[in-house]
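Taking it in order: structure first as structure tokens, then the write-up.
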Amino acid sequence: MLDLRWIRESPEALDRALGRRGEPPAAARVGALDAERRACQTRFQECRQRRNALSREIGRAKAAGEPADELIAEVSRLKDGERDAEEAERKAAAELDALLEGMPNPPDEDVPDGTDEAGNVELSRTGARPEFDFAPKDHVELGEALGLMDFERAAFLSGARFVVLRGALARLERALAQFMLDVHTEEFGYEEVSPPTLVRSPALFGTGQLPKFEQDLFRTDTGHWLIPTAEVPLTNMAGGRILAEEELPLRFTAFTPCYRSEAGSAGRDTRGMIRQHQFQKVELVSVAHPDASAGEHERMTRAAEAILERLELPWRRVILCTGDMGAAARKTYDLEVWLPGQGAYREISSCSNCGDYQARRMNARFRPSGSKATRFVHTLNGSGLALGRALIALLENGQQADGSVVLPPAIRPYMGGCERLE
RNA sequence: GGAUGGGUGGCAGAGCGGUUGAAUGCACCGGUCUUGAAAACCGGCGUGGGCACAAGUCCACCGCGGGUUCGAAUCCCGCCCCAUCCGCCA
């Protein structure tokens with residue numbers, strides 16, 4: 001949600017921001033609706049003011065025992081005009097709100113311009129890619145050969161885009177979650193949270209998934225939505241609240257399942273575990289002071305990178321261009337892990353600074369100490385990391401010629417000392 | 001699922017249909033007192049918006065939406081949410 005006052009002051013900045021996002025200019029329309037709304041409001045308020053004054057006079061007349069019929073008749077005559085003005089105001093306001101609610105967050109100045117993922121810019125590469133003296137397999141081959149990954153059973157149970165993990169692989173997923181949570185809570189100061197994974201509409205409106213991206217979500221017949229990411233409940237921890245300045249930053253981490261309908265992704269990543277309707281993820285969320293959010297963004301991204309580092313996985317950091325960023329984000333780093341079976345880097349974490357965009361939508365504020373006014377907080381979220389993809393990365397990078405998989409030392413304590421899947 | 005009770009300012013909590021935007025307390029801000037702090041006392045203190053250069057002034061907001069009325073936080077209807085009890089259940 002954008003700040004109407006900001007648009008009023010610098011409409012050209014809005015159109016520039018929208019242009020960078022590949023959206024048509026809207027400042028003129030916003031300005032017109034805003035002016036319309038204000039004109040109607042003024043008209044309405046003048047009517048109402050007259051009516052209020054007359055009503056007060058009626059009260060006084062009645063109290064004094066004087067007749068008030070004449071005044072009452074006059075008030076009745078005023079009503080139609082008032083109703084029209086109010087109706088017109090409401091219409092303009094509704095259209096204006098819908099317009100503002102649908103607009104994406106203006107990108108940060110240092111976000112590169114671009115229309116799609118081809119415009120993303122690689123910032124760094126870390127970790128050595130493994131060298132194989134055989135043709136590396138992908139995780140599907142590896143997992144199925146080990147008898148630990150079963151897509152057929154999953155299809156039998158749930159259809160396409162699901163998987164059944166068994167034995168050591170099921171345990172590996174749990175081990176990874178445990179490992180990530182430990183690092184984030186013990187070393188980066190995140191508070192572990194176990195949130196609901198069914199939420200109501202306002203929570204999803206707050207983070208920006210609703211109303212625009214309803215088709216990406218699953219919904220229950222009780223009207224609840226299955227969360228597409230723990231960003232939703234964690235960020236909403238601050239929703240509707242007025243925090244004390246000293247409470248900032250809030251740092252939350254959670255391990256939850258995530259549900260996505262993948263409505264628009266037919267035919268993409270249909271093989272394996274890359275893109276599923278359901279996957280597990282350890283999420284990071286920070287609620288920060290506006291002056292501190294840029295630094296918090298770097299810090300959060302490093303926390304996610306720390307996981308990759310300890311799992312000895314090769315990755316690169318990419319900054320998303322204006323055309324590839326989510327609507328709520330003002331700046332996003334993607335971490336992409338190397339997958340030998342795909343011969344490509346694939347997203348395993350996405351860390352975004354949303355500025356005050358979500359905070360406005362969910363009314364998340366803080367009170368600067370000594371001030372009576374409130375300000376919107378900044379919200380940030382990042383994967384720390386997606387578990388399915390981390391698991392894939394371990395399989396494909398740790399694979400041996402015989403089809404077994406060597407696990408990195410960092411995860412072994414969580415696997416009861418197990419060093420190798422075979 | 002059934003039955004009650006309830007949703008008012010940052011929080012707690014009043015509010016006969018007519019200057020109630022709303023008592024009171026806490027918190028907060030300023031001041032007096034004090035070597036300093038606390039206490040006590042005095043004063044201030046909701047949000048959003050329109051108009052105005054401004055002082056200011058006006059409008060809206062007591063969960064949400066309708067209705068009754070000249071006038072609604074207060075009466076009526078619908079919806080949402082919360083709490084408690086019962087039933088069911090991991």
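A quick note: this is a predicted structure, and the numbers were derived from the prediction, not measured.
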Do the charged groups of Arg302(A) and Glu309(A) touch, with an N to O distance under 4.0 Å? no

Does NZ or CZ of Arg174(A) fall inside the cone over Tyr414(A)'s six-membered ring, less than 6.0 Å from its centre and within 45° of the axis? no

Does a side-chain N or O from Arg8(A) land closer than 4.0 Å to OP1 or OP2 of G50(B), or not? yes

Side chains of Glu36(A) and Gln41(A), donor plus acceptor under 3.5 Å: no

Check every atom of G49(B), C70(B), G66(B) against the side chain of Gln41(A) and return the nucleotide holding the closest atom. G49(B)

Complement of U68(B), any strand, by Watson-Crick or G-U distances under 3.5 angstrom: none

Name the pairing partner of A40(B), where a pair is Watson-Crick or G-U wobble with both distances under 3.5 Å, or state none. U32(B)

Sticking with atom C1', work out how far C33(B) lies from A52(B), rounded to a whole angstrom. 43 Å

Salt bridge or not for Arg317(A) and Glu298(A), using N-O below 4.0 Å? yes

Rounding to a whole Å, what distance do you find between Glu87(A):CD and G65(B):C1'? 13 Å

Tyr259(A)/His277(A) aromatic ring centres below 6.0 Å: no

Across all strands shown, which nucleotide pairs with C51(B) by Watson-Crick or G-U wobble geometry, both distances under 3.5 Å? G56(B)

Is any side-chain nitrogen or oxygen of Arg5(A) closer than 4.0 Å to OP1 or OP2 of G49(B)? yes

Checking N1-N3 plus N6-O4 or O6-N4 for Watson-Crick, or N1-O2 and O6-N3 for wobble, each under 3.5 Å, the partner of C79(B) is G63(B)

When we call it a touch if two heavy atoms are under 4.0 Å apart, what does Arg37(A) touch: a base, just sugar-phosphate, or nothing? sugar-phosphate

Return the nucleotide paired to U74(B): Watson-Crick means purine N1 to pyrimidine N3 with N6-O4 or O6-N4, wobble means G-U with N1-O2 and O6-N3, both under 3.5 Å. none

In whole angstroms, the gap separating C1' of U19(B) from CD of Gln49(A) amounts to 15 Å

Measure from CG on Leu33(A) to P on G49(B) and round the result to the nearest Å. 17 Å

Step by step, work out the side-chain hydrogen bond (donor to acceptor under 3.5 Å, both in side chains) result for Ser201(A) and Trp225(A). CA-CA 7 Å; Ser201(A) 300; Trp225(A) 304 84; 2.9 Å; yes

Answer yes when Arg260(A) and Asp216(A) have at least one side-chain N-carboxylate O distance shorter than 4.0 Å, and no when they do not. no

Measuring only the C1' atom in each nucleotide, how far is G48(B) from C86(B)? A whole number of Å is fine. 44 Å

Separation of Phe44(A) atom CZ from C59(B) atom C1', in whole Å? 7 Å

Please state the P separation for the pair G65(B) and A72(B) - nearest whole angstrom. 15 Å

RNA chain B nearest-nucleotide lookup for Arg50(A) and Thr374(A): closer to the 5′ end is Thr374(A)

Check whether any side-chain N or O of Arg51(A) sits under 4.0 Å from OP1 or OP2 of G71(B), and answer yes or no. yes

Taking atom C1' in both U32(B) and C16(B), what distance in whole Å separates the two? 41 Å

Could you tell me the separation between the CD1 atom of Ile58(A) and the C1' atom of U19(B), rounded to a whole number of Å? 15 Å

With a 4.0 Å cutoff (strictly under), does any side-chain N or O of Arg38(A) reach OP1 or OP2 of G49(B)? no

Which of G66(B), C70(B), C58(B) is nearest the side chain of Gln45(A)? It is C58(B)

Using atom P in both nucleotides, what's the gap between C75(B) and G18(B) to the nearest angstrom? 12 Å

Does a side-chain N or O of Arg360(A) approach OP1 or OP2 of G48(B) to a distance below 4.0 Å, or not? no

Pairwise C1' distance for C79(B) and C42(B), with rounding to whole Å: 48 Å

Centres of the Tyr333(A) and His297(A) rings: under 6.0 Å? yes

With a non-hydrogen cut-off below 4.0 angstrom, is Arg365(A) in contact with a base, only sugar-phosphate, or nothing? nothing

Go nucleotide by nucleotide along RNA chain B from the 5' end; which of Arg200(A) and Asp34(A) gets its closest nucleotide reached first? Asp34(A)

Mind checking the P distance from G44(B) to A22(B)? Whole angstroms is fine. 13 Å

Base, sugar-phosphate, or nothing for Leu54(A), non-hydrogen atoms under 4.0 angstrom? nothing

Atom-pair distance (CG on Asp3(A); C1' on G48(B)), nearest Å: 13 Å

Taking the P atom of each, how far is C76(B) from A60(B), in whole Å? 23 Å

Distance, rounded to the nearest Å, where Ile242(A) contributes CD1 and C11(B) contributes C1': 11 Å

Which nucleotide, if any, forms a Watson-Crick or G-U wobble pair with A12(B), using both distances under 3.5 Å? U24(B)

Round to a whole Å and report the spacing from CZ of Arg90(A) to C1' of C59(B). 14 Å

Is there a Watson-Crick or G-U wobble partner for C85(B) with both distances under 3.5 Å, and which nucleotide is it? G2(B)

So does Asn52(A) get a side-chain nitrogen or oxygen closer than 4.0 Å to the phosphate oxygens (OP1/OP2) of A60(B)? yes

Does Arg367(A) make a side-chain N or O approach to OP1 or OP2 of C29(B) shorter than 4.0 Å? no

